[in-house]
Enquirer: 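Questions regarding the structure given below will be posed in turn.
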Amino acid sequence: MSEIIIIGEILVEVMAKHLNQRFDQTGEFLGPFPSGAPAIFIDQATKTGSSCAIVAKVGNDGFGRLNIERLQRDGVDVQYIQTVAEKTTGIAFVTYRENGDREFIFTLKDSAAACINRQDITEAMFQGCKYYQINGCSAFNEEMMATIKKAVFLAKAQNARIAFDPNIRKELLEDENFKQFIDFILKNTDVFLPGEEELRFITGLEDEEQAVRKILEQNVRYVVVKRGKRGCRVYDQQSYFDAAPFQVEEVDPTGAGDCFAGTLISLLNQGKSIQEAVLFANAAGAYAVTQKGPMEGTATLEELKAFMRSKGGETRCL
Ligand code: ATP
């Protein structure tokens, strides 16, 4: 029985060694690193004290084993990770630009992760589930959308809450099917975790408060707007508050949002207040960007407390 469940892609990341390195020129790369937004989320949620499982597919290869071993070491329930013999584990190649932008090459759609389907999820998996986390980036084909929708019904049947991190590009909403999928998820969401830009293009509204109001009208409990190095703002039906960021030197921004979300949902699952959950989530996001590699920046509560103490901020919001 797992309290937090996620369904989605497990990948490895292979990163360019140098800034401004190009994909169309031969160069040196570092990795493989365990990755995939859902995998990072669930690793972080587990490390901060919740019982968690991921439903995923990897190839019968070293990249898959690297991920399974990492997740297992960190305490994630890996029994729902299947190995697909005829496919490889998904790979994300990434290179960084001087201005902080990232460029990716993904093999996701041809990988084992793209074989996840409705038959992979069952009622039994959701028994005792308290939070089902959805990552918009996992809805990368029709079958994944159908699988996630099925999971929403199974989770709701257990009275689980739905948390939704859109993690999508604006262009995807030009597809009517995808747009309808996002509308369906939002109607069922309890905790919504967009970035500032995502909130604007998902609602079609430029003004943040108006955009949030539109979302809250659908019975969403919390809208947590992530603002990168500026921290985050939390809205509920009545009001909002800001949670200040922790000042860090950014080494690698990948995974910050997933570590933030994993911590937030894990602490809400454990009955902590939204203020406390967000304080730790901010710390987890900040800590994540200080480590090279997408999943290398996940941290336990003890590690986060030590990090906050080092920044003089442990009791800031408590
Ligand atoms: P990504 O998709 O890159 O994983 P995201 O866009 O979903 O991230 P961000 O807003 O970049 O989410 O980061 C999530 C949270 O992590 C922020 O709200 C903030 O609390 C923390 N964070 C991110 N970057 C920094 C930073 N450079 N310094 C301090 N805190 C940061």
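All ligand and atom numbering here is 1-based and tracks the order in the structure.
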Enquirer: Where does Val289 meet ligand 1, judged by heavy-atom distances below 4.0 Å: at the side chain, the backbone, both, or neither?
Expert: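 Val289 to ligand 1: side-chain contact only, backbone stays beyond 4.0 Å.
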Enquirer: If you measure every N or O of Thr254 against every N or O of ligand 1, does any of those distances drop under 3.5 Å?
Expert: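 No - when backbone and side-chain N and O of Thr254 are compared with those of ligand 1, no distance drops under 3.5 Å.
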Enquirer: Checking a contact table here: which protein heavy atom is nearest atom 3 (O) of ligand 1, and how many Å away?
Expert: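 Ranking protein heavy atoms by distance from atom 3 (O) of ligand 1, first comes Arg102 NH2, 3.1 Å.
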Enquirer: Just going by heavy-atom distances, which of Pro245, Gly228, Ala256, Ala37 is nearest to atom 31 (C) of ligand 1?
Expert: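 Ranked by closest heavy atom to atom 31 (C) of ligand 1, first place is Gly228.
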Enquirer: Side chain of Thr263, backbone of Phe280: donor and acceptor closer than 3.5 Å?
Expert: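 Side chain of Thr263 to backbone of Phe280, a donor-acceptor pair under 3.5 Å: no, none is there.
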Enquirer: Can Thr89 and Asp61 be counted as having a side-chain donor-acceptor contact under 3.5 angstrom?
Expert: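 Side chains of Thr89 and Asp61: pair found under 3.5 Å.
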Enquirer: Any atom of ligand 1 sitting under 4.0 Å from a heavy atom of Gly195?
Expert: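 No, that is not the case, since the closest heavy atom of the residue is not under 4.0 Å from the ligand.
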Enquirer: Hey, is ligand 1 close enough to Gly257 that some N/O pair sits below 3.5 Å?
Expert: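 Yes: some nitrogen or oxygen of Gly257 is under 3.5 Å from one in ligand 1.
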Enquirer: Hey, is the main chain of Gln247 close enough, under 3.5 Å, to the side chain of Lys311 for a donor-acceptor pair?
Expert: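 The answer is yes, because a donor-acceptor pair under 3.5 Å joins these two groups.
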Enquirer: Taking side-chain contact (heavy atoms from CB on, under 4.5 Å) as the test, write out the residues that go with Gln291, two or more places apart.
Expert: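 Gln291 satisfies side-chain contact (heavy atoms from CB on, under 4.5 Å) with Tyr287, Glu296 only.
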Enquirer: Return the closest protein heavy atom for atom 28 (N) of ligand 1 as residue, atom name and distance.
Expert: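 Heavy-atom neighbour on the protein nearest atom 28 (N) of ligand 1: Val248 CG2, 3.5 Å.
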Enquirer: Do the side-chain N and O atoms of Glu142 and Asn177 include a donor-acceptor pair separated by under 3.5 angstrom?
Expert: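 Checked: Glu142/Asn177 side chains pair up, N/O donor to acceptor below 3.5 Å.
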Enquirer: Quick one: nearest non-hydrogen protein atom to atom 18 (O) of ligand 1, plus distance?
Expert: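 Checked against all protein heavy atoms, atom 18 (O) of ligand 1 sits closest to Gly231 O, 2.8 Å.
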Enquirer: Is the closest side-chain donor-acceptor distance between Asp252 and Tyr96 under 3.5 Å?
Expert: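 On atom types as modelled, these side chains qualify, holding a pair under 3.5 Å.
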Enquirer: If you measure from the Lys or Arg side-chain nitrogens to the Asp or Glu carboxylate oxygens, is any gap between Glu302 and Lys305 under 4.0 Å?
Expert: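 A salt bridge links Glu302 with Lys305.
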Enquirer: Check each of Ile81, Ile42, Ile68 against Val76 using the side-chain contact (heavy atoms from CB on, under 4.5 Å) test, and report the only one that passes.
Expert: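 Exactly one pass, corresponding to Ile42.
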Enquirer: Considering Glu197, Lys229, Glu196, Arg230, which one's heavy-atom position lies nearest to atom 26 (C) of ligand 1?
Expert: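 Among Glu197, Lys229, Glu196, Arg230, the closest heavy atom to atom 26 (C) of ligand 1 comes from Lys229.
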Enquirer: I want to know if ligand 1 touches Lys226 in the polar sense, i.e. an N/O pair below 3.5 angstrom.
Expert: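 Indeed, backbone or side chain, Lys226 has an N or O that close.
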Enquirer: Examine Asn167 against ligand 1 and note whether any of their N/O atoms are separated by less than 3.5 Å.
Expert: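 No, there is no polar N/O contact under 3.5 Å.
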Enquirer: Are Lys214 and Glu217 ion-paired here, with the side-chain N under 4.0 Å from a carboxylate O?
Expert: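 Salt bridge flag = no for Glu217 with Lys214.
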Enquirer: Would you verify that at least one protein heavy atom lies under 4.0 Å from atom 6 (O) of ligand 1, or report that none does?
Expert: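 Not a single protein heavy atom is under 4.0 Å away.
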Enquirer: Between Phe260, Phe246, Tyr287, flag the one that comes closest to atom 29 (C) of ligand 1 by a heavy atom.
Expert: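 The residue whose heavy atom sits nearest atom 29 (C) of ligand 1 is Phe246.
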Enquirer: Using a 4.0 Å heavy-atom threshold (strictly under), name the region of Gln247 that reaches ligand 1: side chain, backbone, both or neither.
Expert: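 Neither part.
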